[in-house]
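Before any comments, here is the structure.
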Amino acid sequence: MDLFLFDKNYRDKGFKFVAGIDEAGRGPLAGPVIAAAVILPQGIDIPHLNDSKQLTEKKRETLFDIIREKALAYAVSSIDNNAIDRINILQATFIVMKNSIDGLKINPELCLVDGNHKIPGLQFNQQAVVDGDAKSASIAAASILAKVTRDRIMIEYAKQYPLYKFEKHKGYGTKTHIEALKAHGACPIHRKTFAPVKLYLRNSDD
């Protein structure tokens, strides 16, 4: 699928500034959820742009810099694990997506939101796009900004909490992560309302 053609179809309908919105970190057991919003210029071509999950870490890092350089506007927003525990991950995702859109220096005429949910209370036109990061260039660009930003945050957390090896799994519920939870309990960046973490809260000093 031509990701740039997907966005062009909306521009041809009269939407000059089309923003792609995506998040990273809904599923992990630890760390923040990050969202990014990106408005790409009309006619741009960014080779190898794709869903962040389909790219190597090295390619994501390269594209991260290219997207920030070439985008008309972009913004990245974050909500930490404590807020996720207070309001639940879906509501946290809505808030962080809305915050990223609000952070754009250009008001979008249309927001393409990855997934099957529209963002409640958003003042701009929006369209939910299932698997949008594999269909839309602007959503794919947002997915890369969100993913790289979150990975860098988790690598920094790994230095603070080395027992959990966050640099390897970025907080997802891998075998290595679960074994660390069993051995050491939850640490301050774990999402304590998530079922796999709840099992080991009794071992936590937090």
Side-chain angles (χ1 to χ4, degrees), residues 1-7 18-81 84 89 92-93 96-97 99-101 103-106 108 111-115 129 131-162 164-177 180 189 191:
M1 178 177 288
D2 186 331
L3 278 65
F4 293 94
L5 182 59
F6 184 93
D7 291 14
V18 177
I21 299 93
D22 200 6
E23 53 73 30
R26 281 188 66 175
L29 308 180
V33 61
I34 306 290
V38 178
I39 300 176
L40 295 173
Q42 189 167 353
I44 191 174
D45 181 31
I46 302 176
H48 310 297
L49 182 67
N50 201 349
D51 172 7
S52 63
K53 297 185 291 295
Q54 303 301 319
L55 300 169
T56 65
E57 182 177 356
K58 183 177 180 181
K59 181 62 70 177
R60 285 195 299 266
E61 290 282 348
T62 299
L63 288 168
F64 180 87
D65 292 332
I66 293 171
I67 291 162
R68 294 196 304 166
E69 176 187 345
K70 294 191 173 184
L72 290 176
Y74 71 89
V76 180
S77 187
S78 172
I79 286 186
D80 69 18
N81 58 293
I84 292 168
I89 186 60
T93 301
V96 79
M97 283 183 163
N99 288 347
S100 69
I101 297 166
L104 292 169
K105 67 180 182 181
I106 298 172
C111 296
L112 300 178
V113 183
D114 184 63
V129 184
D131 295 327
D133 44 10
K135 296 175 180 176
S136 159
S138 57
I139 296 177
S143 78
I144 290 166
L145 294 195
K147 171 66 173 168
V148 171
T149 299
R150 189 177 188 281
D151 283 357
R152 290 177 178 179
I153 289 170
M154 295 308 295
I155 288 168
E156 288 303 307
Y157 274 135
K159 299 173 185 176
Q160 191 172 353
Y161 306 106
Y164 298 90
K165 303 187 187 305
F166 289 126
E167 76 280 6
K168 295 185 179 298
H169 50 71
K170 310 302 188 294
Y172 284 88
T174 64
K175 181 179 178 181
T176 297
H177 191 183
I189 68 162
R191 301 174 182 179

Which atom pair, heavy atoms only, marks the closest approach of [X] to [Y]?
| X | Y | result |
| --- | --- | --- |
| A92 | I79 | O-CD1, 3.4 Å |
| L29 | G173 | CD1-CA, 3.8 Å |
| A19 | I39 | CB-CG1, 3.7 Å |
| A36 | V76 | CB-CG2, 4.1 Å |
| A140 | L49 | CB-CG, 4.2 Å |

Find the distance between [atom1] ([X]) and [atom2] ([Y]) and round it off to the nearest 0.5 Å.
| X | Y | atom1 | atom2 | value |
| --- | --- | --- | --- | --- |
| M154 | Y164 | CE | OH | 12.0 Å |
| T62 | L55 | OG1 | CG | 10.0 Å |
| I153 | I34 | CD1 | CD1 | 4.0 Å |
| I67 | I46 | CD1 | CD1 | 5.5 Å |

[X]: which residues meet the salt bridge (charged side-chain N to carboxylate O under 4.0 Å, His left out) condition with it, sequence neighbours left out?
| X | answer |
| --- | --- |
| K147 | D151 |
| D114 | none |
| E167 | none |
| E61 | R152 |

Close side-chain approach of [X] and [Y], heavy atoms under 4.5 Å:
| X | Y | result |
| --- | --- | --- |
| V38 | I144 | no |
| L145 | F64 | yes |
| F6 | I139 | no |

Determine whether a donor-acceptor pair (N or O, by modelled atom type, separation under 3.5 Å) exists between the side chain of R26 and the backbone of V33.
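Not a single qualifying donor-acceptor pair exists.
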Give the ring-plane orientation class for F166 versus H169, where under 30° counts as parallel, over 60° as perpendicular and anything between as tilted.
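The arrangement is perpendicular - the two ring planes meet at more than 60°.
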Partner set under ring-ring contact (aromatic ring centres under 6.0 Å, His included) for Y74, not counting sequence neighbours
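Partners of Y74 under the ring-ring contact (aromatic ring centres under 6.0 Å, His included) test: none.
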Using the side chain to side chain contact (heavy atoms under 4.5 Å, CB included) criterion, which residues pair with A35? Sequence neighbours excluded.
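Testing A35 for side chain to side chain contact (heavy atoms under 4.5 Å, CB included), a comparison that skips the adjacent residues, returns E23, V96, M97, S100.
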With sequence neighbours left out, the residues meeting side chain to side chain contact (heavy atoms under 4.5 Å, CB included) with N81 are I189, R191
Using the side-chain hydrogen bond (donor to acceptor under 3.5 Å, both in side chains) rule, collect all pairs that involve residues 37-55, keeping only residues at least two apart or in two chains.
D51-K53, K53-D133
Mind jotting down which residue pairs meet the salt bridge (Lys or Arg N to Asp or Glu O under 4.0 Å) criterion with at least one end in residues 66-77? Sequence neighbours excluded, please.
D65-R68
So salt bridge (Lys or Arg N to Asp or Glu O under 4.0 Å) across residues 33-42, not counting sequence neighbours, yields none
Who passes side-chain hydrogen bond (donor to acceptor under 3.5 Å, both in side chains) against E156, sequence neighbours left out?
K159
Partner residues of S143 under the side-chain hydrogen bond (donor to acceptor under 3.5 Å, both in side chains) criterion, sequence neighbours left out:
none
Checking side chain to side chain contact (heavy atoms under 4.5 Å, CB included) for the pair K170/I155: CA distance, chi angles, key distance, verdict?
CA-CA 7 Å; K170 310 302 188 294; I155 288 168; 4.2 Å; yes
S136-S138 side chain donor-acceptor pair, cut-off 3.5 Å
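Yes, a side-chain donor-acceptor pair sits under 3.5 Å.
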Is it true that atom OH of Y157 has more than 12 heavy atoms of other residues, nucleotides or ligands lying nearer than 6.0 Å?
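Atom OH in Y157 is not crowded, with 12 or fewer foreign heavy atoms closer than 6.0 Å.
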